[in-house]
Every structure is written in structure tokens, then in C-alpha cells.
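Okay, so here's the structure we're looking at.
Note that the structure is a prediction, hence the values are computed from the model and not measured. Just so it is clear: chains get the letters A, B, ... in the order the sequence lines come, proteins before strands, and each one is counted from 1.
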Amino acid sequence: MDLTLRIWRQASADAKGKFVNYQVKGISEEASFLEMLDVLNESLVMKNEEPVAFDHDCREGICGACSLYINGRPHGPDKGITTCQMHMRNFKNGETIVIEPWRAKPFPVIKDLMVDRSAFDEIIQAGGFISVRTGGIPDANAIPIPKLNADLAMDAAACIGCGACVAACKNASAMLFVAAKVSQFALLPQGRLEASERVRNMVGKMDELGFGNCTNTYACEAECPKEISVTHIARMNREYLVAKVTAPKE
Amino acid sequence: MGKTLQYSSITKKIIMSLAGLFLTSFLVVHLIINLLILFDDSRELFNQAAHFMATNPLIQIFQWVLFAGFIIHIIFGVVLQIQNWLARPVRYEKKGSSEQSYFSKFMIHTGAIVLIFLVIHFVNFFVKAKFGHIESISYASGTYEDLGWLIVELFKDGAYVVFYVVAILLLGFHLDHGFQSAFQSLGLQHSRYTPFIKLAGTLFSALITLGFIAIPLVIYFS
């Protein structure tokens with residue numbers, strides 16, 4: 001299939017970017033979206049032009065490195081998968097595909113389609129962990145956990161931190177990401193110890209970094225490659241409300 | 001205002017949802033009283049109710065709580081929206097449309113038009129009723145200011161009726177998202193009850209909208 005690609009090109013973080021149109025020909029329907037971009041980049045290198053920079057790593061849909069806002073949708077038109085797992089059969093021959101980087105104030109463009117997502121790392125550092133003693137390996141089943149909680153925590157933990165929720169949100173809100181990270185611990189006894197501090201610190205960091213607020217539009221859930229549910233956002237709101245109300249006076 | 005900005009995003013949303021639900025309860029009372037005007041041509045029932053609302057000391061105190069509710073809802077709504085706009089300084093060329101609650105995208109717009117409506121409404125009715133002179137009308141039950149007459153006269157104006165109907169429709173869209181959204185913001189989400197809350201919110205918004213719209217239409221066409 002032959003395609004027109006309309007790609008955001010930006011030489012560096014400070015440079016002014018613009019859209020550039022490229023033609024690619026003879027792309028297989030079985031090719032993945034990133035393979036299609038590889039083909040484009042090879043042709044650019046052959047012409048001594050700068051290849052398009054984009055994030056990718058495992059190409060198996062589990063690392064959360066790939067991104068791309070394709071035709072108005074994070075990770076493209078297919079549901080519940082990342083860009084690297086999305087195939088060209090989702091497009092029609094002769095189609096124009098608009099490819100943009102994630103757009104959010106806390107996700108500045110580094111180059112072309114690559115954005116700096118270290119804001120997510122900062123949120124995790126603010127409380128997305130549990131404190132454990134080092135030493136011998138604890139028995140895996142020492143602490144009983146209800147099946148429902150184990151399942152819900154696992155669903156939340158499926159979040160790969162790609163940032164599609166932020167990209168999809170009309171407010172560039174990180175609520176779905178933060179909610180998944182708060183929920184995976186809030187649901188388990190190991191996470192309860194630091195639950196109150198965690199939710200307050202992570203939400204505080206999220207706000208400080210300049211992410212938007214949640215309007216309960218739920219575009220995040222629709223676009224999440226791991227189909228994280230917005231019910232986790234409700235859980236975080238609940239956790240936060242209780243944590244704030246019951247926190248000791250400073 | 002500085003304090004408002006210091007509240008976390010979730011705290012702001014919680015305050016927003018509580019104020020919103022409170023204002024919604026006010027709409028119910030307002031609609032019930034308004035509907036009384038359709039029941040008798042002499043407007044006795046309506047004028048009696050309006051007289052009660054204007055003179056009852058408890059309602060007079062509660063009126064200030066209501067004003068506070070409006071002001072909080074408006075200020076927090078504007079602050080949240082400004083923060084949301086600032087969170088994406090560079091817009092997408094191709095806008096997304098993956099939303100699962102359509103009207104959530106236009107809360108600031110529907111809200112702004114409802115606010116304009118509110119100001120005009122306030123000048124037309126509240127200020128006139130409170131500070132202006134309204135003719136009295138006597139019934140067997142007593143003598144009241146004929147506020148009902150003011151309404152009937154206003155709704156004879158076709159342009160005003162159109163404006164009123166459009167504003168109420170937008171209010172309905174605002175409510176449709178706002179009602180169920182408030183529960184999510186408060187963390188009140190449950191697989192068993194949330195579908196009911198969403199349905200109840202939509203039905204409630206439709207009833208409120210139809211109720212308010214019916215009054216000017218019935219008066220205009222009769």
C-alpha cells in the first residue's frame with residue numbers, strides 16, 4: 001500500500017517544529033506501524049536526510065516506550081494495543097496518516113515524535129512503591145489476599161506507563177496513570193501501610209508537574225493500550241478523600 | 001483565590017461536585033414552584049408559593065448558602081478549566097474524539113451560557129421581585145405580589161422564549177454529564193450502582209429540562 005505520512009518534525013527541544021509530508025510506497029499490510037516508519041527512515045538515510053526520531057524498545061507491547069498520536073488517537077486506531085503492535089491493515093491504501101508526538105506541558109518534545117516522560121518517573125518516586133525489609137525471601141503466600149483484590153490489583157498493575165492517557169485526555173490529565181499506580185498498592189495489604197501518604201504525595205506531585213484535572217470524559221480508558229478502567233480513578237479519589245480527612249494535623 | 005489554586009486537583013473536583021449536586025437540588029425546588037403557575041389561571045398557587053419563598057426566614061438565610069454554592073461552583077469551574085488549558089500549550093493538529101461522556105467536553109461552554117442566562121434571569125425576576133414594584137393581587141387566601149403576572153408577560157415575547165429554551169437545554173446537557181461525574185469525583189463508584197446512577201442522571205436531566213421548557217412553551221402558545 002502507498003501512503004502519505006504527515007509527521008511532526010522538530011530538530012530539538014528548543015527548536016520550532018513543523019509538519020512535513022512524506023510518501024511511502026509498497027508497504028505490506030502485515031507490517032507493523034513502527035516497521036513502516038523504519039522503511040521511511042531507511043529511505044531518508046539513503047537520501048542523506050535526518051531520520052524521524054520516535055521512541056520504541058521491546059516492540060512486544062509490554063515496555064511502554066512507544067507512543068505516537070496517530071490520526072487523533074494515541075497508539076493509533078486499533079483498540080487495546082500499543083503502536084508497535086498495531087498493523088498497517090488498519091489503514092487504507094492512499095490514506096494520509098497524521099503522526100504527532102504526545103502533547104502535554106509535562107511531556108516536552110525532545111526531538112520529532114519523542115517526548116520526555118520523566119514526569120511519570122517523578123510521580124512514581126513520590127510514592128509509587130512499597131517499603132520492604134531486605135534479607136531472606138519471604139514466603140509467597142504468607143499474607144492471604146482476597147481473590148477479587150488480587151485480580152483488581154493485577155488489572156491496575158497492567159499499566160505500562162506509556163502516557164497514552166495523558167495524550168488522549170482533553171486536559172492532558174495523568175489521573176488514569178496515577179490511579180493505576182495508587183490502586184495496585186491500595187488493594188493489597190502490603191500497600192496499605194503507606195497508602196495515605198502515597199496517594200497524597202503522588203497526587204501532589206502530579207499537580208505540581210502541571211498535568212490537567214480530570215473531567216471524567218474517559219477518553220483515557222478508551223485509548224489505554226492496557227484497557228485500565230476509570231474505576232481506578234474513583235478508587236484514587238476515594239483514597240485521597242479519606243487520606244486528606246484523616247491525615248494528622250501538621 | 002490564592003487558596004483556591006493551592007487545593008489539589010482532586011480536592012477541587014470534590015468541592016466542584018458537592019457544589020454541583022447542591023445546586024441540582026435547588027433546581028428541583030425551583031421547578032416544582034414554577035410548575036405551580038400552570039395549575040390555575042389566577043396564579044394563586046404560584047404567587048402564594050413565591051410569597052412563602054420571599055418571606056420565610058429560614059429560606060432567607062438559605063438563600064445566602066445558595067449564592068455561595070453558585071459562586072464556589074463558578075470559581076472552581078473556571079480555575080479548573082484554566083489549568084486544563086495550560087496543561088496542553090501546543091494543541092494537536094488532528095483532534096481526538098475518544099470521549100465516553102460527550103457533554104463533558106463542553107462543561108465550560110454550557111456553563112458559561114447558563115451563567116449568562118442566570119444573570120439575565122436574576123435581573124428579570126429576582127431583582128424586580130426584591131427591589132422593584134410589583135402589583136398586588138388579592139385572593140380569598142390573602143393578598144400577594146403578582147409575580148406570576150411578570151412571568152406570563154415575559155413569556156409572551158417569542159425571542160425571550162427561544163433564549164430561555166436554548167439555555168435550559170444547555171443546562172440539561174450540563175446536568176447530564178455533571179450528575180454522574182459528581183459521583184465519580186467523590187469516589188462513589190460501584191459496578192452494581194454506577195450504571196443506575198448514570199441512567200438516573202440522564203432521566204433526571206431530561207425531566208428537569210422538559211419541566212422548565214414546558215412552562216414558557218405552554219404560556220406562549222396559549
Side-chain angles (χ1 to χ4, degrees), chain A residues 6 8 17 19 69-74 97-109 166-175 199-200 203-204 206-223 229-242 244, chain B residues 5-18 20 76-108 111 177-194 197-198 201:
Chain A
R6 185 165 166 74
W8 180 260
F19 282 99
Y69 194 82
I70 303 158
N71 281 348
R73 298 187 64 182
I97 306 173
V98 183
I99 312 171
E100 301 174 69
W102 282 179
R103 293 290 190 198
K105 186 165 156 269
F107 285 171
V109 172
V166 175
C169 177
K170 72 179 181 69
N171 307 335
S173 168
M175 285 286 275
V199 69
R200 282 181 287 138
V203 170
M206 169 184 86
D207 291 346
E208 182 196 317
L209 289 165
F211 288 102
N213 307 290
C214 185
T215 309
N216 301 327
T217 301
Y218 306 153
C220 52
E221 184 188 68
E223 293 298 347
S229 164
V230 293
T231 57
H232 294 298
I233 296 181
R235 179 176 298 100
M236 176 166 73
N237 290 341
R238 213 152 58 220
E239 285 277 321
Y240 185 86
L241 182 58
V242 173
K244 265 291 188 205
Chain B
L5 289 166
Q6 276 169 30
Y7 285 134
S8 77
S9 56
I10 297 181
T11 306
K12 284 200 282 275
K13 286 294 294 187
I14 287 171
I15 294 170
M16 194 68 189
S17 54
L18 289 174
F76 276 78
V78 169
V79 168
L80 284 161
Q81 185 61 59
I82 290 170
Q83 287 182 325
N84 293 345
W85 281 325
L86 292 176
R88 179 164 291 138
V90 185
R91 310 252 122 198
Y92 289 115
E93 182 179 79
K94 197 130 178 172
K95 285 240 157 55
S97 56
S98 318
E99 70 280 346
Q100 297 186 67
S101 173
Y102 184 72
F103 297 122
S104 72
K105 292 175 97 172
F106 307 105
M107 292 307 268
I108 193 73
H177 171 72
F179 190 89
Q180 51 93 12
S181 176
F183 287 86
Q184 168 84 0
S185 294
L186 292 168
L188 300 172
Q189 190 281 332
H190 193 284
S191 55
R192 190 180 279 177
Y193 309 112
T194 298
I197 289 171
K198 284 190 179 171

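Heavy atoms of V230(A) lying under 4.5 Å from chain B belong to its backbone as well as its side chain. With a 4.5 Å cut-off on non-hydrogen atoms, E221(A) touches chain B through its backbone and its side chain both. In this structure, no portion of F107(A) lies under 4.5 Å from any heavy atom of chain B. Contacts of S191(B) with chain A are absent, with no heavy-atom separation under 4.5 Å from either backbone or side chain. In this structure, the portion of H177(B) lying under 4.5 Å from any heavy atom of chain A is its side chain and not its backbone. For L209(A), no part sits under 4.5 Å from any heavy atom of chain B, backbone or side chain. Of the atoms belonging to R200(A), not a single heavy atom falls under 4.5 Å from chain B. When heavy atoms are compared at a cutoff of 4.5 Å, Y69(A) approaches chain B solely by way of its side chain, counted from C-beta outward. Residue R235(A) does not touch chain B at all, counting heavy-atom pairs closer than 4.5 Å. Contacts of C220(A) with chain B are absent, with no heavy-atom separation under 4.5 Å from either backbone or side chain. With a 4.5 angstrom heavy-atom cutoff, P74(A) does not touch chain B via any of its atoms.
Of all the heavy atoms in S98(B) and A222(A), the pair that sits closest is O-CB, 3.5 Å. Of all heavy-atom pairs between N216(A) and Q184(B), the closest is OD1-CG, 3.3 Å. G212(A) and A87(B) get closest at one heavy-atom pair: N-CB, 3.4 Å. Listed here is the closest heavy atom pair of C169(A) and R88(B): O-NH1, 2.6 Å.
Atoms CG and CG, from L86(B) and N171(A) in turn, are 11.0 Å apart once rounded to the nearest 0.5 Å. Note that OH of Y92(B) and CH2 of W8(A) are 12.5 Å apart. Values are rounded to the nearest 0.5 Å. Taken to the nearest 0.5 Å, the CG atom of N71(A) stands 10.0 Å off from the CD atom of E93(B). With values rounded to the nearest 0.5 angstrom, T217(A) atom OG1 is found 10.0 Å from Q100(B) atom CD. Atoms CD and OG1, on Q81(B) and T215(A) in that order, are 7.0 Å from each other to the nearest 0.5 Å. Rounding to the nearest 0.5 angstrom, the gap separating the CZ atom in R91(B) from the CD atom in E100(A) is 12.0 Å.
Considering N213(A), L241(A), V203(A) in turn, V203(A) is the only one that fulfils the side chain to side chain contact (heavy atoms under 4.5 Å, CB included) rule with I10(B).
Looking only at heavy-atom pairs under 4.5 Å with chain A, the residue among V90(B), L188(B), I14(B) that has the most is V90(B). Contact count against chain A (heavy-atom pairs under 4.5 Å) is highest for K94(B) among M16(B), K95(B), K94(B). In terms of non-hydrogen atom pairs under 4.5 Å with chain B, the most contact-rich of G204(A), G210(A), C214(A) is C214(A). The candidate with the highest count of non-hydrogen atom pairs below 4.5 Å against chain A, out of S181(B), S97(B), G187(B), is G187(B).
With a 6.0 Å radius and a threshold of 12 heavy atoms from other residues, nucleotides or ligands, Y102(B) has its OH atom at or below the threshold.
Taking the salt bridge (charged side-chain N to carboxylate O under 4.0 Å, His left out) definition, one finds that K105(B) meets it with E99(B), sequence neighbours left out. Contacts of R73(A) classified as salt bridge (charged side-chain N to carboxylate O under 4.0 Å, His left out), with partners at least two apart in sequence or in another chain: E223(A).
If you check the side chains of Y240(A) and S8(B), you find a donor sitting under 3.5 Å from an acceptor.
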